[in-house]
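Working notes, structure below.
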There are 2 protein chains.
Amino acid sequence: MTVLRVAAELGYVPNMSAGLLAAGTSRVIGAVLPSVRNSAFYNYTVGMRREATKRGFEVITMIAETPEEELSSVQTLLGLRVAGVALVAGPHAPELHHLMDRCGTPVVESWGGENAIGSGVGYNVGDASRDVTRHLIAQGRRRIGFVQISGGGGLRYAHRLPAFQQEMFRAGLADDLVLTIRASDGFGAGAQIINDLVAREPRLDAVLCPSDIVAAGAVFECNRRGLSVPKEIAIAGWGDYDIGRQLTPTLTTIAPFADEIGISAVSALLNASDRDQSPIQTRYALYIRESA
Amino acid sequence: MTVLRVAAELGYVPNMSAGLLAAGTSRVIGAVLPSVRNSAFYNYTVGMRREATKRGFEVITMIAETPEEELSSVQTLLGLRVAGVALVAGPHAPELHHLMDRCGTPVVESWGGENAIGSGVGYNVGDASRDVTRHLIAQGRRRIGFVQISGGGGLRYAHRLPAFQQEMFRAGLADDLVLTIRASDGFGAGAQIINDLVAREPRLDAVLCPSDIVAAGAVFECNRRGLSVPKEIAIAGWGDYDIGRQLTPTLTTIAPFADEIGISAVSALLNASDRDQSPIQTRYALYIRESA
DNA sequence: AACCAGTATTGTAGCGCTACAATAACATGT
DNA sequence: ACATGTTATTGTAGCGCTACAATACTGGTT
């Protein structure tokens with residue numbers, strides 16, 4: 001036993017490469033993230049780490065902003081012979097599908113569900129979108145604008161718009177007040193969307209934003225214009241970010257329970273033996289606060 | 001050559017463990033981050049990836065929220081026999097120093113500088129703090145509150161308070177309006193600090209916040225109280241986060257050029273052969289905007 | 001004392017590569 | 001034709017571990 005003490009003293013760390021090479025399995029799982037600027041992805045990693053630690057695994061993450069970077073990250077991870085790869089839904093390099101099919105390493109794709117690579121984990125974005133829309137309609141809002149995100153992130157939320165339009169149609173309301181912004185716009189988009197939507201519909205009385213960040217930007221712009229939220233206009237966010245709780249008014253939003261996605265992703269990865277390919281649904285909630 | 005095509009077709013990825021074991025070196029560098037909830041750390045990883053890619057390396061990151069997690073992350077990375085380890089300044093597990101000393105793997109510690117493990121990379125936090133303080137004093141502010149962060153993150157900013165106090169003393173002003181908040185408080189801290197500081201000094205005319213997030217919270221609280229920013233009270237942030245540009249008023253802040261820290265960290269790691277242990281100073285800037 | 005099942009110990013092949021030695025093929029000069 | 005230098009090809013040891021076979025010890029039976 002004392003040999004271990006001395007070993008530790010000397011800074012010895014077992015060579016995982018060798019161990020892995022000999023044993024053929026490692027206790028490391030790899031996650032590829034498309035940027036980590038928002039707390040949702042952060043919570044996702046927290047969930048992954050919690051579940052992984054519980055089962056004696058470690059999580060290493062690689063950040064990839066483009067499909068090409070994602071592919072090369074996955075190759076690195078596969079080269080390291082990780083026990084599993086956790087992907088996030090989004091546009092993938094075409095080779096990636098092929099690679100994951102043949103490599104034999106378990107994969108999950110989170111935040112998407114639909115025709116995922118490997119098993120899918122995510123919450124029902126369509127239902128969530130329906131919930132917010134119904135809530136706004138029930139409030140008596142009639143001219144509701146919808147803002148969607150283009151580019152990579154947009155893919156994760158493909159079901160939002162159809163669900164919105166379906167609900168609007170069912171209520172006999174116009175569902176064409178739709179605006180598309182670039183994914184990277186951050187807070188700055190908020191001002192833009194209020195300008196554009198008001199220009200198109202002066203009597204605009206609600207906006208459904210793709211994230212709390214955009215929603216916060218929209219609230220700032222409404223303040224500048226002297227438009228009162230929620231009296232004259234309702235603003236709904238998405239993602240339950242910190243800022244939504246602190247803003248005046250606090251933001252009504254969809255909370256995606258991102259940590260549960262992480263937990264389920266790791267579980268799916270490590271139970272990949274039982275070929276239960278049915279997508280895992282995680283929970284979400286509509287938090288009704290002051291802004292809508 | 002066609003064999004490579006077939007190999008790729010079959011989803012073959014070279015086993016890095018084997019290659020590493022044989023060659024003794026990998027082209028992967030490992031970074032350990034203490035959470036990635038703010039854009040500063042994100043930009044840091046962007047810089048690291050840019051520089052690493054340029055030199056033909058990959059970056060894998062592990063997130064560790066406690067010194068123990070950090071230690072175990074480093075062990076995993078060392079087990080993987082990465083080419084270098086990039087740490088972020090903060091409280092480390094005592095074993096970590098010892099481990100890094102003996103393991104022979106190059107290390108850098110970023111965001112700190114002072115008595116770093118391995119080579120240090122960071123900007124001069126003291127100078128930055130001095131700059132903001134001088135700016136506030138030059139504006140005619142006299143009763144300036146200073147908010148610091150306790151816990152892990154606080155260590156990265158240890159030089160802020162002394163620099164502030166030095167400048168205040170030099171200007172003949174009271175330097176004891178100091179408040180300490182917990183690192184994790186986010187936006188919520190903003191309200192708290194305005195309450196506490198005003199209670200201690202009703203004629204408070206400026207606050208130096210530890211982050212733009214806290215500063216934004218403070219601005220929100222001032223709005224609620226009907227305190228006009230910057231007319232009655234100046235609010236300075238730190239970190240140049242997105243929100244600071246979008247808030248009304250926009251936030252005066254310190255921009256740390258985090259991507260440069262990342263670039264320098266990777267350079268230091270890969271040039272570790274030349275034992276140039278002198279800390280690397282990266283740039284920063286005081287962005288004077290509306291709030292102060 | 002001889003036997004056997006059960007347990008602890010030691011020894012060794014081999015994981016998939018890379019580095020480099022050994023060898024083969026070739027060009028050049030006398 | 002042969003020696004010599006130069007480049008291309010092939011072969012092989014070994015990186016640090018793990019899995020498992022081989023062997024050495026137990027203690028309880030007959």
Side-chain angles (χ1 to χ4, degrees), chain A residues 1-30 52-53 55-60 62 71-85 95-96 98-107 269-270 272-273, chain B residues 1-30 52-53 55-60 62 71-85 95-96 98-107 269-270 272-273:
Chain A
M1 272 305 130
T2 186
V3 59
L4 288 175
R5 260 250 320 293
V6 171
E9 200 82 11
L10 256 43
Y12 167 81
V13 178
N15 187 332
M16 218 154 147
S17 312
L20 167 54
L21 184 57
T25 46
S26 73
R27 300 190 76 75
V28 174
I29 84 160
T53 306
R55 297 177 179 236
F57 282 71
E58 301 264 357
V59 178
I60 67 181
M62 297 189 69
L71 178 63
S72 115
S73 299
V74 169
Q75 280 168 334
T76 302
L77 254 17
L78 253 30
L80 253 18
R81 294 293 188 271
V82 293
V85 175
E95 301 96 308
L96 186 62
H98 189 241
L99 180 60
M100 296 320 296
D101 280 354
R102 336 220 96 217
C103 71
T105 306
V107 209
L269 229 37
L270 300 185
S273 45
Chain B
M1 272 306 133
T2 186
V3 59
L4 287 175
R5 261 250 319 295
V6 171
E9 200 82 10
L10 257 43
Y12 169 81
V13 178
N15 188 333
M16 218 154 145
S17 312
L20 166 56
L21 184 56
T25 48
S26 73
R27 299 191 76 74
V28 174
I29 83 160
T53 306
R55 299 178 178 233
F57 283 71
E58 302 263 358
V59 178
I60 66 181
M62 297 191 68
L71 177 63
S72 115
S73 299
V74 169
Q75 281 167 334
T76 301
L77 255 15
L78 253 29
L80 254 17
R81 293 297 187 267
V82 293
V85 175
E95 301 96 310
L96 187 62
H98 190 241
L99 180 60
M100 296 320 295
D101 279 353
R102 337 219 97 218
C103 71
T105 306
V107 209
L269 229 37
L270 300 185
S273 45

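Since this is a predicted model, take the numbers as computed values, not measurements. Letters A, B, ... mirror the listed sequences (proteins, then strands); counts begin at 1.
Taking the side chain as every heavy atom from C-beta outward, L78(A) and L99(A) approach each other to under 4.5 Å. Residues L77(A) and I60(A) are in side-chain contact: their nearest non-hydrogen atoms beyond the backbone lie under 4.5 Å apart. You'll find the side chain of L270(B) reaches within 4.5 Å of the side chain of I29(B), heavy atoms only.
Distance check, rounded to the nearest 0.5 Å: OG1 of T105(B) to CG of L80(B) gives 11.0 Å.
Taking both residues in full, the closest heavy atoms of L20(A) and S17(B) are given as CD2-OG, 3.0 Å, listed atom of the first, atom of the second, then distance. Minimum heavy-atom separation, A83(A) to F57(A): CB-CE2, 3.7 Å. Counting all heavy atoms, side chain and backbone alike, R81(A) lies closest to V13(B) at NH2-O, 2.9 Å.
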**Complete:** Per-nt protein contacts along nucleotides 9-19 of chain D (heavy atom under 4.0 Å; B base, S backbone sugar-phosphate only, - none) come out as -----BBBBSS
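In the helix from dA1(C)-dT30(D) to dT30(C)-dA1(D), the terminal helix axes, each the rotation mapping four pairs' C1' atoms onto the next four within five end pairs, subtend 70°, rounded to 10°.
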